[in-house]
Amino acid sequence: MKRSQYFLPTLKENPKEAEIVSHRYMLRAGMIKQTSAGIYAWLPMGLKVLKKIEAIVREEQNKAGAQEVLMPTIQPADLWKESGRYDAYGKEMLRIMDRGDREMLFGPTNEEMITDIFRAHVKSYKDLPKNLYHIQWKFRDEVRPRFGVMRGREFLMKDAYSFDLSPEDARISYQKMFLSYLRTFRRLGVKAIPMKADTGPIGGDLSHEFIILADTGESEVYTDKKWNDVDVTAQGLSYDDTAALETYFTEMTNIYAATDEIHDAESAPPSNELDVARGIEVGHIFYFGTKYSKAMGASVQNKDGSIVDVEMGSYGIGVSRLVGAIIEASHDDNGIIWPVEIAPFDAGLINLRSGDAACDKACEDLYQQLQDAGFDVLLDDRDARAGDKFADMDLIGLPYQIIIGPKGLEKGSAEVKNRATGETKDVALDQIVSILGNK
RNA sequence: CGGAGUGUAGCGCAGCCUGGUAGCGCAUCUGCUUUGGGAGCAGAGGGUCGGAGGUUCGAAUCCUCUCACUCCGACCA
């Protein structure tokens with residue numbers, strides 16, 4: 001993409017409504033535009049990042065055996081009356097009346113709807129287990145939206161729902177998602193730590209929040225220092241190996257990690273083995289048994305002919321929140337530092353002297369070569385000052401900057417800058433593609 | 001939902017107290033000079049001052065109502 005043609009409205013100054021760093025940078029980097037409190041339009045580069053995160057989440061869900069569906073944003077109130085949540089949910093639910101005076105709502109979550117879909121089609125134990133997910137916009141009419149996309153009213157969420165015959169089977173489904181989540185966040189370039197969460201009336205140990213550590217996080221968290229070097233992704237562990245899954249799950253959940261609400265100094269490691277940090281919740285998984293299946297009649301016939309309410313769990317990842325959360329975890333004073341996997345472009349190519357025949361040609365050639373090699377590149381071909389382009393490129397945080405100017409060209413080289421480390425090195429023009437290939 | 005603020009050009013702000021018909025920086029457009037970390041000079045365009053009432057000869061400014069947004073707290077992917 002050529003910068004001169006790209007819709008990328010960057011800002012030099014901080015918009016005053018943005019208090020936290022991710023919100024400031026998302027606005028300044030031209031990723032989003034606020035349209036109401038807690039509601040945002042996604043501009044091209046913001047959408048690109050959002051889609052990349054979404055794609056990774058989707059891939060990892062699929063690998064874990066979940067199957068994608070797509071449920072609507074608008075739901076009929078009747079389903080929620082069945083589960084009893086229509087009254088219980090309160091004002092956070094956006095209620096709508098259609099032209100026939102039917103009560104509708106903009107879905108804040110989808111337990112009722114997925115249960116309705118499930119019960120319509122699944123009648124036998126032979127069809128279990130199942131895990132269905134979708135990635136869809138949700139609306140929760142928060143009392144106080146804030147922090148940009150981190151706590152919007154409208155947000156993109158991946159929510160999966162598992163259906164099993166027994167609590168034991170549900171535990172396996174839960175453990176698969178647990179592993180899948182850790183692999184997902186690792187691929188996204190962030191460290192998310194699973195922390196035991198309140199399970200409510202059901203009890204047990206099957207609810208975890210996944211929390212990214214960042215200085216600007218909302219809650220204080222206490223984590224065992226072991227989290228710094230443990231391999232959370234369990235390379236080689238198959239989702240089909242249920243015994244190994246249980247071992248892995250036990251191992252991970254035995255390493256201390258708790259938010260301040262749950263933190264208990266008695267059971268926590270001594271302070272010299274404990275990290276105290278701040279965190280942002282980006283995922284939450286939950287086993288809730290037959291809460292909805294019982295209320296809504298989602299049952300199957302078992303081997304012995306008996307009717308069994310299915311055991312359910314739900315698993316959420318805040319996809320749009322992750323965009324902000326990742327920036328919170330990865331930035332410096334000059335701007336965003338995108339993890340390679342989700343960067344909107346692989347590299348930025350800066351033409352320091354647009355209009356200069358040699359520079360223009362070198363840039364065009366390299367731009368073409370990089371694209372041919374499969375790289376998605378942003379070429380800053382604007383007629384602007386060097387400082388403008390450097391500052392802008394730092395702000396939008398692409399992993400690599402390739403800087404072409406008259407000085408380098410005399411030597412037949414360009415400068416390659418690593419955004420994360422700040423390291424720069426001169427690289428011969430014909431070596432650049434291979435250098436990037438070894439990222 | 002309690003508390004505190006803010007709405008004036010695309011963005012950041014001044015002007016308001018003490019009414020006299022709107023200004024600064026950045027951005028944008030034109031020209032020239034520049035060009036390796038957010039350039040210089042000269043010129044230009046752009047605002048029914050959030051909205052509605054009211055007071056007044058006259059309202060961005062005073063009064064009333066209203067809408068929107070932000071921040072702090074309680075609540076949440």
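Chain naming here is simple, since letters A, B, ... match the order of the sequence lines and numbering starts at 1 in each. Everything numeric in this text was worked out from a predicted model, so none of it was measured.
- Listed in residue order, the members of residues 71-83 of chain A having a heavy atom less than 4.0 Å from RNA chain B come to none.
- Among the protein residues, Ile403(A) comes within range of the nucleic acid bases, having at least one heavy atom under 4.0 Å from a base atom.
- A search for side chain to side chain donor-acceptor pair (under 3.5 Å) contacts involving Asp430(A) returns nothing, not counting sequence neighbours.
- Listed by first and then second residue, the salt bridge (charged side-chain N to carboxylate O under 4.0 Å, His left out) pairs involving residues 309-320 of chain A are Lys294(A)-Asp309(A) (not counting sequence neighbours).
- Within 4.0 Å of Arg153(A), counting heavy atoms only, lies no atom of the nucleic acid at all.
- Under the side chain to side chain donor-acceptor pair (under 3.5 Å) criterion, Asn14(A) pairs with no residue at all, not counting sequence neighbours.
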Strictly under 3.5 Å: I want the nitrogen or oxygen pairs between protein and nucleotides 33-35 of chain B, one per line.
from, atom 1, to, atom 2, distance (Å)
U34(B), O2, Arg385(A), NH1, 2.7
U35(B), O2', Arg353(A), NE, 3.1

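- Ring centroid separation for the pair His284(A) and Phe210(A) does not come in under the 6.0 Å cut-off.
- Thr109(A) comes within 4.0 angstrom of nothing in the nucleic acid, heavy atoms only.
- Across all strands, Asp394(A) comes closer than 4.0 Å to base atoms (heavy-atom distances).
- By the side chain to side chain donor-acceptor pair (under 3.5 Å) test, Asn351(A) is found to be paired with Asp360(A), residues two or more places apart in sequence or in another chain being considered.
- With sequence neighbours excluded, the residues forming a salt bridge (Lys or Arg N to Asp or Glu O under 4.0 Å) with Asp275(A) are Lys225(A), listed by chain and number.
- Using a 4.0 Å cut-off on heavy atoms, the residues of residues 413-424 of chain A that approach RNA chain B are Glu415(A), Lys417(A), listed by number.
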* Structure fact -> Letter by letter from the 5' end, nucleotides 26-31 of chain B scores (B base, S sugar-phosphate only, - none; protein heavy atoms under 4.0 Å) SS----
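- Looking only at distances, a side-chain donor or acceptor of Lys158(A) sits under 3.5 Å from a matching main-chain atom of Tyr315(A).
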Distances for protein N or O near nucleotides 71-73 of chain B N or O, under 3.5 Å:
from, atom 1, to, atom 2, distance (Å)
C72(B), OP2, Arg144(A), NH2, 2.1
G73(B), N7, Arg144(A), NH1, 3.3

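- Residues in residues 320-367 of chain A take part in these ring pair (Phe, Tyr, Trp, His ring centres under 6.0 Å) pairs, two or more places apart or across chains: Tyr6(A)-Phe345(A).
- Within residues 134-142 of chain A, the residues approaching RNA chain B are Arg140(A), Glu142(A), by heavy-atom distance under 4.0 Å.
- The residue Asp356(A) sits apart from the nucleic acid: no heavy atom pair falls under 4.0 Å.
- For the pair Lys130(A) and Phe163(A), the cation-pi criterion (under 6.0 Å, within 45° of the ring axis) is not fulfilled.
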